[in-house]
Amino acid sequence: MAASGFEGIEKRLELHFSGDDPMIGIGLRQLSFQTLEEILREVQCTVVSSVGNHFFDSYVLSE
Amino acid sequence: SSLFVYPTKIIIKTCGTTQLLKSVRPLIHYSSNLGLSLSSCKYSRGSFIFPKSQPYPHTSFQDEVVYLQNVLPKNLCYDKASLMPSKLSTHTWHVFSATDESHLMFMHQPSTPTTFTFEICMTELDSVLARKFFRGPNDGKTGGSAGKVMTEMTRICDINPKAHICDFAFDPCGYSMNGLDGEKYSTIHVTPEEGFSYASFECVGSLCEGGGYIGDVLKKVVQVFRPGTMSVSTTCSSREVAARVAKAVEQVGMNCRSCTVDEFPVVGTVVFQTFTTRR
């Protein structure tokens, strides 16, 4: 094994929230792209690609 | 790395030396501005290949757990941290979960759907297959268009033909994709370099989808990468899925080396299985 290389093994975080208004029903999806980028800056990632559907938004990140 | 945002759920999965847990504090802050409050948290990972390269708070599992306990709201007081070992000393599954009382009560309702999450880690990828995740020098493509070529060439597109795929190829090598199939997500990340090659696959599913579905997906994933070693972590309220995992993976030439089971509040049962190629 190489002494050092790119770490492939991921860390995975799943957070659940309550308090969403079911009449509106979009909850966290209201977070702006700018806010998400700000959060991801803490992680040291940026968005390289994104797509969403009726149910959720997905982002491919750098790294 | 990938991020999935649902109305009341966020999943972030990052590799390299990213400081994933530093996202918790701002996520709590910005969600509270929307009137949302955190009710449960699950953090999981395998054993790092290069643990000494990880920055704080990822310097050890103990550091990660202490960090989470400090940043999570005090109402998430039902927590558990566990190391799930295997017969392979380099493969230990790390899980931390925390929840508040409302979620704990919800868990005991009999109507909880039987959904599952697979988190699959593969190392020692077949070198011929791994080479498909390298871009040609000056290929003139964008990360998106090169990703699309890799998705087709490796037959990743066949794993779930119904999924809408968002893919990206890194320069000079590496690949990420997110799949969207209705409410269900899937994701693949690949680091193809010889000596520390790695690929991951993650998806959610339902036990109602029919007996063949789970086996079919697993077999296709193994055939895309042909790993020397693979671990499958299954999170589900039922242990039934684990038997289907072992059966499917053994049919494509891998032997089950170990199986560890643990229970977590709200999260349910986590089954951690390791496999090595039959030589």
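All chains are named by letter (A, B, ...) in the order of the sequence lines, taking the proteins before the strands, and each is independently numbered beginning at 1.
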>> Using a 4.5 angstrom heavy-atom cutoff, name the option from B:H189, B:E183, B:R45 with the most pairs to chain A.
In response: B:E183
>> Can you tell me which portion of B:K184 sits under 4.5 Å from chain A's heavy atoms? Options are side chain, backbone, both or neither.
In response: backbone
> Measuring from A:S49:OG to B:D167:CG, what's the distance to the nearest 0.5 Å?
Replying inline: 7.5 Å
> Quick one: what part of B:F168 sits under 4.5 Å from any heavy atom of chain A, side chain, backbone, both or neither?
Replying inline: side chain
> What residue in B:K22, B:M177, B:K42 has the most heavy-atom pairs under 4.5 Å with chain A?
Replying inline: B:K42
> Has the side chain of A:N53 got a donor or acceptor atom that lies under 3.5 Å from a matching backbone atom of B:D181?
Replying inline: no
> Which atom names give the shortest non-hydrogen contact between A:E14 and B:I11, and what distance separates them?
Replying inline: CG-CG1, 3.9 Å
> Passes side chain to side chain contact (heavy atoms under 4.5 Å, CB included), A:R12 versus B:T187? Steps please.
Replying inline: CA-CA 12 Å; A:R12 180 186 185 277; B:T187 184; over 6 Å; no
> When rounded to the nearest 0.5 angstrom, what is the spacing between CZ in A:F6 and OG in B:S53?
Replying inline: 11.0 Å
>> Would you say that B:S47 contacts A:I9 through its side chain, given a criterion of any heavy-atom pair below 4.5 Å between the two side chains?
In response: no
> In terms of heavy-atom proximity below 4.5 Å to chain A, should B:H58 be classed as side chain, backbone, both, or neither?
Replying inline: side chain
> With respect to chain A, which residue among B:F4, B:Y185, B:Y30 yields the maximal number of heavy-atom pairs within a distance under 4.5 Å?
Replying inline: B:Y30
> Where on B:Y43 is there a heavy atom nearer than 4.5 Å to chain A: the side chain, the backbone, both, or neither?
Replying inline: both
>> I'd like to know which of B:L34, B:T14, B:T191 tops the heavy-atom pair count under 4.5 Å against chain A.
In response: B:T14
> Looking only at heavy atoms, which two atoms of A:G8 and B:C15 are closest? And how far apart?
Replying inline: O-CB, 3.3 Å
>> Quick check: closest heavy atoms across B:P7 and A:F55, and the distance to 0.1 Å?
In response: CD-O, 3.6 Å
>> Under the criterion side chain to side chain contact (heavy atoms under 4.5 Å, CB included), I'd like the reasoning laid out for A:L28 against B:K9: C-alpha separation, chi angles, the key distance, then a yes or no.
In response: CA-CA 7 Å; A:L28 296 162; B:K9 178 172 74 177; 5.5 Å; no
>> At a heavy-atom distance under 4.5 Å, which candidate from A:G25, A:G19, A:S62, A:S58 has the highest pair count against chain B?
In response: A:S58
> How long is the span from the CG atom in B:L76 to the NE2 atom in A:H16, to the nearest 0.5 Å?
Replying inline: 11.5 Å
> Below 4.5 Å, heavy atoms only, C-beta onward: do A:D20 and B:L36 meet side chain to side chain?
Replying inline: yes
>> Between A:D57, A:L13, A:L36, who has the most heavy-atom pairs with chain B when the cutoff is under 4.5 Å?
In response: A:L13
> Measuring from A:I26:CD1 to B:T8:OG1, what's the distance to the nearest 0.5 Å?
Replying inline: 12.5 Å
> Is any side-chain heavy atom of A:K11 less than 4.5 Å from a side-chain heavy atom of B:T18?
Replying inline: yes
>> What I'd like to find out is whether the side chain of B:H164 reaches to under 4.5 Å of the side chain of A:V51, using heavy atoms alone.
In response: yes
>> Once rounded to the nearest 0.5 Å, what's the spacing between atom CD1 of B:I10 and atom CG of A:L31?
In response: 6.0 Å
> Mind checking whether A:F56 and B:Y6 have parallel, tilted or perpendicular rings, split at 30° and 60°?
Replying inline: parallel
> With distance as the sole criterion, is a donor-acceptor pair present between the side chains of B:S200 and A:E10 under 3.5 Å?
Replying inline: yes
> Under a 4.5 Å heavy-atom cut-off, does chain B meet the side chain of A:L15, its backbone, both or neither?
Replying inline: both
> Looking at CD1 of B:I12 and SG of A:C45, how far apart are the two atoms once the value is rounded to the nearest 0.5 Å?
Replying inline: 8.5 Å
> Do B:V5 and A:Y59 have side chains that get closer than 4.5 Å, going by heavy atoms?
Replying inline: yes
> Are any non-hydrogen side-chain atoms of B:S23 and A:E42 less than 4.5 angstrom apart?
Replying inline: no
> Where the side chain of A:E7 meets the backbone of B:T17, is there a donor-acceptor pair that is under 3.5 Å apart?
Replying inline: no
